[in-house]
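Here's the structure, in structure tokens; my notes come after.
Numbered from 1 within each chain, the chains take letters A, B, ... in sequence-line order. Keep in mind that this is a model prediction, so the values were computed, not measured.
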Amino acid sequence: MKLRIRQEENGWVAQVEGKVIAQESVKLGRKLEETILNAQESSPNIVVNVAQTAYLDSQGLGALVRARQSVQARGGLMALSEAPQHILRLLEITKLSQIIPAYPNDAAALKAMRAQADGGASTPTTA
Amino acid sequence: MKLRIRQEENGWVAQVEGKVIAQESVKLGRKLEETILNAQESSPNIVVNVAQTAYLDSQGLGALVRARQSVQARGGLMALSEAPQHILRLLEITKLSQIIPAYPNDAAALKAMRAQADGGASTPTTA
Amino acid sequence: MRFEHFIQPLPKSGERVQTIAAAFPSALKYVPALEAMVHSLARALSFDERGANEIAAAAVEGAMNALQHGNQKDISKNIFLAAIVEPNRLTIKIKDEGAGFDVEKVEDPREGDRIWKDSGRGILIMRYYMDSVSYDPKGVELTLVKKRPR
Amino acid sequence: MRFEHFIQPLPKSGERVQTIAAAFPSALKYVPALEAMVHSLARALSFDERGANEIAAAAVEGAMNALQHGNQKDISKNIFLAAIVEPNRLTIKIKDEGAGFDVEKVEDPREGDRIWKDSGRGILIMRYYMDSVSYDPKGVELTLVKKRPR
Ligand SMILES: Nc1ncnc2c1ncn2[C@@H]1O[C@H](COP(=O)(O)OP(=O)(O)O)[C@@H](O)[C@H]1O
Ligand SMILES: Nc1ncnc2c1ncn2[C@@H]1O[C@H](COP(=O)(O)OP(=O)(O)O)[C@@H](O)[C@H]1O
């Protein structure tokens with residue numbers, strides 16, 4: 001796994017590449033937590049870009065669920081971006097698509113979360 | 001292994017990427033033989049570009065030795081190009097550097113072999 | 001458990017059926033080696049990248065369960081892996097040295113509040129990736145099957 | 001040979017020493033899975049890409065010899081692999097079910113006309129890549145050792 005986390009104008013983007021298994025899933029969870037806890041803004045939003053993610057194991061998915069909760073506890077939102085078909089399918093199979101929306105790209109995800117925070121509507125992608 | 005063989009003005013270039021082991025070494029040998037045997041020109045020269053070769057096993061090296069002999073039997077020459085340090089070292093350890101010269105790039109290799117065929121001098125790279 | 005007891009009931013290698021077997025200590029750091037072996041094997045058996053990722057991902061789920069639930073991370077206990085290659089299918093077996101469990105009692109992670117849990121999706125995911133997922137009566141040996149391409 | 005006879009003399013896994021063991025049928029198509037496993041293992045033990053390639057390449061040479069010279073490509077015969085992980089070094093053992101050989105009698109592939117041969121460089125290459133290369137008296141079990149980084 002290669003993980004890069006950067007701050008954009010409207011929130012954080014975590015880019016996750018390669019295979020997310022075993023120790024890497026633990027690391028993904030820890031890094032997302034750190035980012036969310038240390039964010040200076042009041043309601044941090046975070047996008048997880050999985051365009052180059054070969055696959056995540058169930059603990060990697062668990063890390064996303066935990067991050068989704070942590071960010072919510074701070075009044076923020078989380079979403080995926082650029083999810084390939086196989087990851088969208090995985091989210092549907094596990095029904096995590098109900099709690100983790102997916103958008104075609106980082107900008108769309110950040111914009112949608114911003115709009116939602118402001119009370120607007122969002123249009124996530126579906127498989 | 002990913003293998004691409006193309007014809008240039010002064011000879012053939014075989015680009016070898018990744019790991020060359022087991023069945024892949026057999027394939028490398030077969031493809032080089034085919035290229036040399038089917039070449040239309042009278043004294044075919046061939047460059048093996050190993051810039052992206054992670055490593056070759058001893059049978060992959062053997063395939064290069066056989067190609068070196070086949071090309072010579074047809075009055076041509078063979079050389080490596082863009083060999084990373086670890087491949088240059090392998091050639092030295094096995095002393096194959098004595099029979100398979102290495103050049104910094106495809107053009108230099110083709111030019112040197114051309115010059116050598118014309119009776120000129122060549123200056124291969126050493127580790 | 002001795003390796004022999006895992007190996008013995010497996011088919012012997014011959015022209016039509018071949019068995020690859022391995023044992024890994026129960027530590028997270030060895031899981032990628034198991035993954036790499038299964039992935040590479042699947043590729044050699046003409047599964048495409050997607051198919052090989054699915055088989056490797058299922059094997060990782062099985063190995064993680066063996067490591068965490070079965071062997072309770074006791075590094076002196078082994079995760080046994082077998083890959084049985086037949087002309088039409090690849091079978092992966094994963095066995096641990098733990099107490100076993102009853103797969104019938106495992107709760108559906110998609111129902112109710114469980115959607116908010118950060119675990120419980122391994123078996124579901126294996127079922128999605130593979131053609132067949134089953135356990136021996138004791139719940140220490142997992143069998144995963146996927147049809148080979150063509 | 002039974003797997004047990006290969007496994008038994010190996011160190012049992014514990015906190016300081018861990019043993020990974022595997023058996024592969026003697027077919028070229030399984031060598032990449034062995035390579036991938038060893039490479040991934042070496043990476044997990046903090047060897048860099050270069051070091052992991054060297055270890056994997058040496059294991060491939062050993063496995064190819066076991067497959068071709070030892071087991072004579074008899075697919076029903078196994079190539080046994082063990083990786084013994086100690087704090088300061090990684091040991092790879094490769095054993096075949098063949099008749100063995102005398103490594104002292106192997107000729108130097110760098111001398112005379114042998115430079116023109118398309119084979120005979122495997123052991124030389126293993127010696128270059130690893131810190132130690134040795135055989136048991138019979139010549140069926142190869143032991144490769146490389147110091148771990150730091
Ligand atoms: N090899 C095993 N040994 C003992 N219990 C197991 C084993 N595999 C699975 N289980 C049980 O089944 C449950 C569901 O497993 P799984 O769907 O993989 O999710 P998770 O491992 O995240 O809990 C586990 O929580 C565990 O109680
Ligand atoms: N496992 C083995 N069983 C029997 N003979 C072997 C084995 N390994 C190596 N040898 C012998 O040693 C020789 C040298 O091996 P090596 O240096 O790897 O080159 P190559 O395999 O290309 O001949 C082989 O040709 C073979 O005769």
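- The candidate from K29(D), H39(D), Q18(D) with the greatest count of non-hydrogen atom pairs under 4.5 Å with chain C is Q18(D).
- If you measure heavy-atom distances from Q8(C) to chain D, the contacts under 4.5 Å come from the side chain alone.
- The CG atom of L81(C) sits 9.0 Å away from the CE atom of M37(D) when rounded to the nearest 0.5 Å.
- For a residue to count as touching a neighbouring chain, one of its non-hydrogen atoms must lie under 4.5 Å from one of that chain's; by this rule T19(C) touches chain D with the backbone only.
- N78(C) CG to K12(D) NZ: the interatomic distance, rounded to the nearest 0.5 Å, is 9.0 Å.
- Here P25(C) is the residue among A36(C), S76(C), P25(C), A44(C) with the most heavy-atom pairs under 4.5 Å with chain D.
- Note that CD1 of I7(C) is 7.5 Å distant from CD1 of I7(D), once rounded to the nearest 0.5 Å.
- At a 4.5 Å heavy-atom cutoff, the contact between L45(D) and chain C is made by side-chain atoms alone.
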